[in-house]
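Counting convention: from 1, in listed order, for ligands and their atoms alike.
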Amino acid sequence: MELRPAISAGTMVISMVFLLISTTHAHNITRILAKHPEFSTFNHYLTLTHLAPEINQKTTITVCAVDNAAMNDILAKHPSINTIKNMLSVHVLLDYFGAKKIHQIRDGSALAATMFQATGSAPGSAGFVNITDLKGGKVGFAAKDNDGTFPSHFVKSVEEIPYNISVIQISGILPSEAAEAPTPGPSALNLTGILSAHGCKVFADTLLASSDAEKTFQDSLDGGLTVFCPLDDAMKAFLPKYKNLTAAGKVALLEYHGVPVYQSMSMLKSNNGLMNTLATDGARKFDFTVQNDGEEVTLKTTIVTAKITGTLFDEQPVGIYTINKVLMPKELFKAEAPTPAPAPAPEEAADSPKPSKKKSKKAPSPDTEDSDSPAESPDDDPADQTADDDNGAVRFDGGRFGLLAFGLSVLLGFSLL
Ligand SMILES: *[C@@H]1O[C@H](CO)[C@@H](O)[C@H](O)[C@H]1NC(C)=O
Ligand SMILES: *[C@@H]1O[C@H](CO)[C@@H](O)[C@H](O)[C@H]1NC(C)=O
Ligand SMILES: *[C@@H]1O[C@H](CO)[C@@H](O)[C@H](O)[C@H]1NC(C)=O
Ligand SMILES: *[C@@H]1O[C@H](CO)[C@@H](O)[C@H](O)[C@H]1NC(C)=O
Ligand SMILES: *[C@@H]1O[C@H](CO)[C@@H](O)[C@H](O)[C@H]1NC(C)=O
């Protein structure tokens, strides 16, 4: 801790380096479209369907945006979020089509594979878009499984970053029977059954006893849900505190363990920052911070730092992960002094007698998913340097890796703003 002042300058430099790298190497479709309010609905649904991060990860890609009026044609039919995702993924071409290339299609046509095609759920030639030079200077766009007519045409180039991403406007949506087919939703998933069967029975039973919270989880399955379930030992020890909460507090505590978007493990490792939860009812309420440290991912409230110990279920749009502590939101719990309480007091991490703690390096715990880091050398194992961090503050005495992680998290924190 005594290194803090010296560190901040270094952190700034590192942050700036990362900032430079990130601005030159990555595109951000959300940010690009945000400059154009006529695409706000399209942009909103790219985020809601989680297509935005997939688009950002790809280079050589073309996004065929439609304006808000055209988006209403999709929404009027009230499709499920999964169907909207399929429909929009027809509008993302896995090739670079700038205005110039589009106009060079003259006298001909081209077929472009789409992100829908790449999902593997597009039968036959569905999932390709036919781009054809039509008479009168128009360039027509149609999903390959459309009826042979061109329901949409090129309007204008919105933004081009050759040859990474081209965003163009087309006049209307690209109907595709395959993409519009109702998708079997994950709502049939037996969430509490899955939890019970994999070490989170106490949490599942608590959820089942709270019909409001259970309904919130169940209703969120289709739109994308990530659940962080405390393992039985942690939840059992927490029950006295839980029983002390008001009825509304109990619901909020449970909902605090769900995040209304799908997050794969790799997304959790790369998307550090604030995360809203099912309990969030306003800006900066009932959120927590995801922070990875090497291969380890932690969830930090101002009261407690929990560690993800394993993946219980991961099928888009639902991810379920086990955590070693109950997440305690600051809205329900006051920060307590670190006392070696019998129940898992929020800040007892360093003194915890629990066998699952990483402290005992000689016996890496079996429930640690990434237990590939039993290395003794403090220089080689960044994970250990913050593993026993007990009050949400990053420990700086770990050297360069801690610094790097901190710089990165500061940067990511900024880019989230
Ligand atoms: C395009 O992407 C590549 C690879 O990510 C990157 O090196 C390059 O700087 C990007 N170009 C622009 C103009 O952003
Ligand atoms: C992309 O931009 C949006 C809006 O500016 C921002 O909220 C989001 O965090 C950015 N995503 C990434 C990966 O930087
Ligand atoms: C695109 O569609 C038109 C009209 O249906 C068809 O004539 C053309 O062959 C198609 N192009 C390709 C590359 O499939
Ligand atoms: C969910 O799974 C549990 C445990 O396997 C079972 O008892 C329960 O009946 C299931 N619920 C539904 C709705 O299928
Ligand atoms: C429950 O609440 C009472 C009264 O506020 C308090 O004295 C007690 O310590 C609490 N118990 C737990 C386990 O938090």
Margin query: Could you identify the single nearest non-hydrogen protein atom to atom 5 (O) of ligand 3 and state the distance to 0.1 Å?
Written below: G148 O, 3.5 Å
Next item on the list: Give a yes or no answer on whether the side chain of T216 reaches the backbone of D212 with a donor-acceptor pair at less than 3.5 Å.
Entry: yes
Notebook entry, point to check: Tell me, do D287 and K330 make a side-chain contact under 4.5 Å, heavy atoms counted?
Noted result: yes
Note to self: Checking the side chain of T132 only, and the main-chain atoms of S109 only, is there a donor and an acceptor separated by less than 3.5 Å?
What the structure shows: no
Item checked: Nitrogen or oxygen atoms of N190 and ligand 4 under 3.5 Å apart -> yes
Notebook entry, point to check: Short check: is a protein heavy atom less than 4.0 Å from atom 14 (O) of ligand 4?
Noted result: yes
Notebook entry, point to check: Among N28, N271, I29, which residue places a heavy atom closest to atom 3 (C) of ligand 2?
Noted result: N28
Margin query: Would you say the rings of F141 and H153 are close, in the sense that their centroids are separated by under 6.0 Å?
Written below: no
Margin query: Could you check whether F128 and F116 have their ring centres less than 6.0 Å apart?
Written below: no
Check: D293 side chain to E296 main-chain N or O, any donor-acceptor pair under 3.5 Å?
Finding: no
Item checked: Distance from atom 4 (C) of ligand 4 to nearest protein heavy atom, with residue and atom -> G193 CA, 4.1 Å
Notebook entry, point to check: Is it the side chain (CB and beyond), the backbone, both or neither of F150 that lies under 4.0 Å from ligand 3, heavy atoms counted?
Noted result: side chain
Note to self: My understanding is that we take every heavy atom of each candidate and find the minimum distance to atom 6 (C) of ligand 3. Doing that for V129, N130, I105, which one comes out nearest?
What the structure shows: N130
Next item on the list: For this output row, return yes or no: ring centroids of F313 and H198 closer than 6.0 angstrom.
Entry: no
Check: Of G108, S109, A112, A110, which has the heavy atom at the shortest distance from atom 11 (N) of ligand 3?
Finding: S109
Next item on the list: Could you list the atoms of ligand 3 found under 4.0 angstrom from a heavy atom of K144?
Entry: 14 (O)
